[in-house]
Amino acid sequence: MPRYDAQRIEPKWQAVWEQQQTFRLSGFDPGKPKMYVLDMFPYPSGSGLHVGHPEGYTATDIVCRYNRMRGKQVLHPMGWDAFGLPAEEHAIKTGTHPRITTEQNIDTFRRQLKMLGFSYDWSREFATTDPDYYRWTQWIFLQVFDTWYDAGFEWTGPDGKLHRGKGRPISELPIPDEVRSQGDTAVRRFQDQHRLAYQHEAPVNWCPELGTVIANEEVIDGKSERGGHPVVRLPLRQWMLRITAYAERLIDDLEGLNWSESIKLLQRNWIGKSEGAEVDFFIGSSPLPPGEGSGVRERGAVPTSSDSPLALTPALSRGEREYEDWKSNRTRTGFPCEPGPDVLRIYTTRPDTLFGATYMVIAPEHPAVKRLTTPEQSAAVETYCKQAAMKSDLDRTDLAKTKSGVFTGSHAINPVNGEKIPIWIADYVLISYGTGAIMAVPAHDDRDLEFANAFKLPIKVVVAKMPKKEPNEGQVQMVFYPASPDQAFTGEGVAVNSGPYNDLATFEFKSRITADIAAQGLGRKAINYRLRDWLFSRQRYWGEPFPIWHELDASDQPTGLLRADSESALPITLPDMAEFKPTGTPEPMLAKAPTEWLYKTAPDGTRLKRETNTMPQWAGSCWYYLRFIDPKNNQRFIDSECEKQWLPVDLYVGGAEHAVLHLLYSRFWHKVLFDRGYVSTVEPFQRLINQGMILGENGEKMSKSRGNIINPDDVVKAYGADSLRLYEMFMGPLEAVKPWSMQGVEGVFRFLARVWRMTADEKADDIRLNPAIQDIEPSLEQLRLLHKTIKVVTRDIEAMSFNTAISRMMEFVNEIAGTEPRPKSLLPPFVLLLSPFAPHLAEELWQLLGHEKSLAYEPWPEFDPKLVEDAEVEIPVQINGKLRAKVLVPTGSDQAAIETAAATDSRIAELLAGKQIVKTVVVPGRLVNFVVK
RNA sequence: GCCGAAGUGGCGGAAUGGCAGACGCAGCGGAUUCAAAAUCCGCCGCCUUUAACGGGCGUGUGGGUUCGACUCCCACCUUCGGCACCA
């Protein structure tokens with residue numbers, strides 16, 4: 001009694017594929033179109049495969065199997081993103097070396113993936129933790145280290161267009177004479193400052209619980225993304241990658257990619273480009289005392305015409321003389337690249353509100369804090385800055401909605417009107433964005449208004465809102481904001497109280513004043529990005545070591561000078577260690593490595609100490625798609641011929657949780673490699689699909705604590721891999737979030753069992769064809785059904801609309817499985833259609849239908865266009881847009897014939913009787929609509 | 001607060017501006033069976049009427065465009081995702 005038995009069929013065919021190396025891709029065949037289909041490779045966690053994994057993996061497997069049958073050569077690899085915290089945390093708890101845990105987890109994942117019958121070329125498998133792989137991760141780091149970004153460099157891209165800005169070898173960095181004259185050490189330091197990989201001392205997010213520093217992106221609401229542990233800010237020396245240099249290209253090159261618009265937008269927003277101006281405010285050679293100059297109006301005073309910028313007191317004070325000198329100097333010398341000590345440089349997106357600046361704010365970490373603080377204020381300033389330094393990001397944002405700040409005691413002079421305004425320190429201004437200093441325009445910025453209200457600072461309106469012109473209204477009324485004291489007008493409007501610029505529209509004002517201040521050397525156009533440079537070092541053990549040495553002086557202290565390992569020294573393998581407990585201090589784990597690993601003496605006698613940080617988990621996943629193309633190469637990270645043949649990845653499928661970070665980092669590395677001539681495409685992933693999350697049966701996110709986790713092992717045990725695959729594709733659109741349903745799995749299992757019974761004899765003792773299957777000619781109707789099914793299933797696979805493809809196959813089976821006798825010729829094409837979805841069952845049925853070879857490379861069925869049309873079509877007939885009847889007409893009937901058929905239908909004729917037909921709409925093959933009175 | 005996506009039967013979902021609810025699940029009725037499981041057949045948006053045919057309403061809400069709107073436009077509501085003192 002051979003019923004549909006997935007337990008028997010599936011291991012059998014998995015063994016056949018393995019034995020015959022069915023999906024192994026040998027060389028590149030220039031005569032065949034290529035297709036590179038990639039899954040986001042998994043982190044092999046201890047809990048094994050999750051039902052979310054097979055969702056994307058099944059989708060790509062269908063695409064691969066389909067395209068092989070369409071005659072393409074398909075590259076479809078799988079591997080492991082195996083560095084990372086959990087294995088090390090496990091090591092801390094149990095003492096098991098992370099390598100052991102990682103190997104065990106990989107074995108589990110590999111077993112589970114093979115159990116699902118995915119057509120990977122397993123000969124290309126690797127883990128990011130393999131020394132042979134991270135050798136090249138380190139090598140790429142060395143290329144990044146060896147590169148500086150020449151923002152003005154012009155080059156022609158593969159698209160034939162002119163581009164500006166390119167990564168170039170550090171040896172080509174122009175060295176200014178004043179640096180060169182200071183000697184070799186100065187030159188080396190200068191180069192180090194310009195590398196794409198550089199060291200930087202800055203407050204970082206230190207997580208004591210995890211024992212590591214983590215990136216801004218890994219901090220969520222002041223807690224670590226992993227584990228939700230508290231994060232504190234500490235100043236530390238860290239490795240940074242200069243991803244911001246590539247911000248513009250990372251935005252621009254999104255355009256040519258076949259990604260969903262919302263993912264592109266997510267990346268654009270993450271990069272967060274903003275355009276505005278930098279403006280220098282004069283602060284004098286020494287702090288300007290208060291009480292000099294014109295001062296600012298009292299809070300809330302109505303502006304009058306006497307407040308013209310020219311209304312300076314005739315007798316110039318010391319500060320004003322200095323200011324006038326500075327200004328005329330600037331007109332001659334122009335705007336300097338770096339602000340001098342006599343100015344405060346600010347960034348604004350609204351240079352049109354310069355006349356409305358009533359105070360300035362600098363970040364607590366701003367270098368000018370000391371210089372601007374007057375003796376009377378120094379105690380208060382010191383207290384404030386100390387507090388701010390201790391505050392986590394959480395304290396600085398969410399909790400502390402009320403603004404805090406402290407006055408420095410100093411003033412600056414607004415270059416557009418000569419007004420002297422106070423300089424404050426507040427942590428609502430971030431040191432890491434723009435210049436770390438702002439001009440505050442409380443009338444037109446919510447944050448500034450809140451601060452001004454808190455500290456009783458003046459508010460000056462310089463933009464009036466233009467109400468929409470009513471057609472009959474001759475006189476346009478301007479509306480002045482703030483209408484209420486806590487509502488700033490941040491929109492665009494018309495300039496007021498802005499001296500010579502009054503009445504200009506915001507847009508025009510911006511470009512005018514930017515040009516004007518640039519001409520006077522007081523400011524310039526500027527662009528800023530929300531994106532920050534990438535914090536690239538971690539203090540953990542289980543990651544790639546840096547191929548970098550620090551030079552030591554006579555007393556074994558680092559001099560700050562670096563030496564890179566030579567290419568031949570790679571891989572720098574992890575030292576063996578037995579103890580993994582975090583030190584509790586921000587000192588990296590590798591600081592406890594054996595002395596012989598940590599130190600060496602260079603041939604020139606210099607003592608060297610290894611870099612003890614390790615790379616973040618992102619490093620390994622940044623370039624794995626390249627290594628899959630040429631995984632065994634021990635001369636290069638990828639052969640350049642292979643790279644040209646296979647790049648870019650044609651289809652990349654993975655979870656939306658990587659929509660920003662992984663994809664951005666990966667694109668960044670790819671562009672560096674492109675600039676240095678190692679890859680030939682500007683982008684790595686041509687098409688991207690983000691599969692939607694699978695929720696638990698209760699509609700909530702699957703998690704241990706909710707107890708709603710579905711284990712793929714259990715599903716396969718109960719229904720088989722084909723049912724799991726088919727169900728995950730049948731649930732709904734790939735990109736949608738959708739809840740699991742065990743009854744749904746049962747449903748597709750019943751469908752597969754039906755397919756089995758349609759072909760095999762369930763009553764016989766051995767496996768044989770169903771006796772209803774006979775060598776007879778199919779009816780025209782049956783042929784039409786088959787060809788229609790081929791047509792739509794093909795179209796749906798191309799569109800990655802797998803749920804509807806499955807529906808159409810169900811319809812076919814509903815019809816054919818109920819007919820006896822069944823024409824045998826209908827079955828092979830159907831089995832081929834089913835095979836990408838349920839490959840095990842399809843192979844078994846293919847064999848049963850008398851074929852000896854695997855169907856994996858059988859040509860995909862073609863449909864006959866003549867057979868996808870029925871002889872007659874049913875045309876709905878509407879009266880005034882309401883369905884009233886349906887008429888049957890021959891396919892291809894012309895407009896007149898259809899109209900006649902509709903009008904003569906008895907029910908329609910009855911309804912039309914006595915009515916006047918105003919209009920008749922006939923869409924051939926579609927519908928008829930009579931519009932009547 | 002800002003940006004994005006989505007709202008269709010009891011549930012998952014389907015519909016180039018042209019018959020709303022394909023396909024599946026659940027449910028109901030029947031066949032088969034000693035009985036059950038499995039299987040097969042039929043019904044299955046809501047209201048209403050009828051012996052039967054039928055009629056009205058219906059795709060988050062309210063408007064609009066159109067002969068015709070789940071689909072396009074405007075406003076709003078809800079849910080989910082992202083960002084969140086970025087000047």
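Proteins get letters first, then strands, A, B, ... in listed order; numbering begins at 1 in each. Since the model is a prediction, treat every value here as computed from it, not as a measurement.
Using P as the reference atom, rG13(B) and rC80(B) are 16 Å apart when rounded to the nearest Å. Rounded to whole Å, the separation between the P atoms of rG17(B) and rG24(B) comes to 26 Å. As rounded to the nearest Å, rC41(B) and rC46(B) have P atoms that lie 24 Å from one another. Here, rG60(B) and rG68(B) have their C1' atoms 23 Å apart, quoted to the whole Å. For rU59(B) and rC70(B), the C1' atoms lie 5 Å apart once the distance is rounded to whole Å. For the C1' atoms, the distance from rG21(B) to rU71(B) is 15 Å, rounded to whole Å. Distance check on atom C1': rA26(B) versus rG45(B) gives 15 Å, rounded to whole Å.
Leu254(A) CG to Lys264(A) NZ: the interatomic distance, rounded to the nearest 0.5 Å, is 6.5 Å.
Pair check for rG68(B) finds none; no Watson-Crick or G-U wobble contact set falls under 3.5 Å. Checking rC40(B) for Watson-Crick or G-U wobble geometry (two distances, each under 3.5 Å) identifies rG30(B) as its partner. In this structure, rC25(B) and rG10(B) make a Watson-Crick or G-U wobble pair, each of the two defining distances being under 3.5 angstrom. Figure legend. rC83(B) is base-paired to rG1(B); pairs are counted as Watson-Crick or G-U wobble with both atom distances under 3.5 Å. Nucleotide rA51(B) forms a pair with no other nucleotide shown, judged by Watson-Crick or G-U wobble geometry with both contacts under 3.5 Å. The base-pairing partner of rA35(B), taking Watson-Crick or G-U wobble contacts with both distances under 3.5 Å, does not exist among the strands shown. Base pairing analysis places rG45(B) opposite rC57(B); the two distances defining the Watson-Crick or G-U wobble pair are each below 3.5 Å. Of the nucleotides present, none pairs with rG17(B) by Watson-Crick or G-U wobble criteria with both distances under 3.5 Å.
Between Lys273(A) and Glu248(A) there is a salt bridge, since at least one side-chain N of the basic residue sits less than 4.0 Å from a carboxylate O of the acidic one. Note on Lys510(A) versus Asp352(A): no salt bridge recorded, every NZ/NE/NH1/NH2 to OD/OE distance being 4.0 Å or above. Comment: Arg884(A) does not engage Asp905(A) in a salt bridge, judged by the lack of any side-chain N to carboxylate O separation of less than 4.0 angstrom. Between Arg795(A) and Glu798(A), none of the side-chain N atoms (NZ, or NE/NH1/NH2) sits under 4.0 Å from a carboxylate O, so this pair counts as no salt bridge.
Residue contacts shown for Asn803(A) are limited to sugar-phosphate atoms, with no base heavy atom under 4.0 Å away. When heavy atoms are screened at a 4.0 angstrom cut-off, Val748(A) is found touching no nucleic acid atom at all. Counting non-hydrogen atoms under 4.0 angstrom, Glu874(A) reaches a base of the nucleic acid. In this structure, Ser274(A) reaches the sugar-phosphate backbone alone: every heavy-atom distance under 4.0 Å involves primed, P, OP1 or OP2 atoms, never a base. Residue Leu927(A) is classed as a base contact, given a heavy-atom separation below 4.0 Å to a base. Residue contacts shown for Leu266(A) are limited to sugar-phosphate atoms, with no base heavy atom under 4.0 Å away. Residue contacts for Ser741(A): at a heavy-atom cut-off of 4.0 Å it reaches no nucleic acid atom on any strand shown. Among the protein residues, Gly747(A) comes within range of the sugar-phosphate backbone only, with heavy atoms under 4.0 Å from sugar or phosphate atoms but none that close to a base.
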- Given ring-ring contact (aromatic ring centres under 6.0 Å, His included), test Tyr359(A) with Phe451(A) step by step and report yes or no. CA-CA 10 Å; Tyr359(A) 64 100; Phe451(A) 190 84; 5.5 Å; yes

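The distance from atom CD of Glu728(A) to atom C1' of rG12(B) is 14 Å, rounded to the nearest whole Å. Atom C1' of nucleotide rA84(B) and atom CZ of Arg530(A) are separated by 8 Å, given to the nearest angstrom. In this structure, Asp796(A) atom CG and rA22(B) atom C1' are separated by 12 Å, rounded to whole Å. Summarising the geometry, the separation between OH on Tyr428(A) and P on rG1(B) is reported as 21 Å, rounded to the nearest angstrom. Across the protein-nucleic acid pair, Arg808(A) atom CZ and rG24(B) atom P stand 12 Å apart, rounded to whole Å. For the pair Ile879(A) CD1 and rC19(B) C1', the computed distance is 15 Å after rounding to whole Å. As a whole-Å value, the separation of Met731(A) CE from rA14(B) P is 13 Å. Atom CD1 in Ile694(A) sits roughly 15 Å away from atom C1' in rG13(B) (whole-Å rounding).
Using modelled atom types and a 3.5 Å distance limit, the side chains of Ser274(A) and Tyr529(A) yield no donor-acceptor pair. Looking only at atom types and distance, the side chain of Ser807(A) has no donor-acceptor partner in the side chain of Thr804(A) under 3.5 Å away. Side-chain polar atoms of Asn698(A) and Asn708(A) form a donor-acceptor pair below 3.5 angstrom.
Set against rA26(B), rC85(B), rA87(B), the side chain of Ile438(A) has rA87(B) as its closest nucleotide. Looking at the side chain of Leu265(A), the nearest of the listed nucleotides rC83(B), rC3(B), rG24(B) is rC3(B). In the set rG12(B), rC19(B), rC23(B), the nucleotide with an atom closest to the side chain of Lys738(A) is rG12(B). Closest to the Lys403(A) side chain, of the nucleotides rC85(B), rG4(B), rC23(B), is rC85(B).
If Phe730(A) and Val923(A) are placed on RNA chain B by their nearest nucleotide, the residue sitting closer to the 5' end is Val923(A). Between Val737(A) and Thr435(A), the one whose closest nucleotide on RNA chain B sits nearer the 5' end is Val737(A).
Evaluation of the side-chain hydrogen bond (donor to acceptor under 3.5 Å, both in side chains) rule for Asn880(A) yields no partner, not counting sequence neighbours. Every residue meeting the side-chain hydrogen bond (donor to acceptor under 3.5 Å, both in side chains) condition with Lys738(A), not counting sequence neighbours, appears here in chain and number order: Glu55(A).
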Show every donor-acceptor pair shorter than 3.5 Å between a side-chain atom in residues 747-759 of chain A and any protein atom, with sequence neighbours excluded, or say none if there are none.
residue   : atom : partner   : partner atom : Å
Arg754(A) : NH1  : Asn814(A) : OD1          : 2.3
Trp756(A) : NE1  : Pro2(A)   : O            : 3.0
Thr759(A) : OG1  : Val755(A) : O            : 3.1

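In this structure, Tyr433(A) reaches the rA87(B) phosphate: one of its side-chain N or O atoms is under 4.0 Å from OP1 or OP2.
Checked against the 6.0 Å centroid criterion, the rings of Phe730(A) and Phe802(A) do not qualify as a close aromatic pair.
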- Note on the structure: B/S/- along nucleotides 37-60 of chain B (protein heavy atoms under 4.0 Å) is -SSSS------------SSSS---

- Query: What string of B, S and - do you get for nucleotides 67-79 of chain B, 5' to 3', if B is base contact, S is sugar-phosphate-only contact and - is no contact with any protein heavy atom under 4.0 Å?
  - Reply: B------------

Between the protein and nucleotides 62-64 of chain B, list the N/O to N/O atom pairs that are separated by less than 3.5 angstrom.
none

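When the shell of 6.0 Å around NZ of Lys791(A) is examined, it contains 12 or fewer heavy atoms from other residues, nucleotides or ligands.
Arg242(A) is listed as a side-chain neighbour of Thr244(A), based on a closest heavy-atom distance under 4.5 Å.
Between the side chain of Arg784(A) and the backbone N or O of Val868(A) there is no donor-acceptor pair closer than 3.5 Å.
For rG9(B), the glycosidic angle deviates from 0 by 90° or less, giving a syn base.
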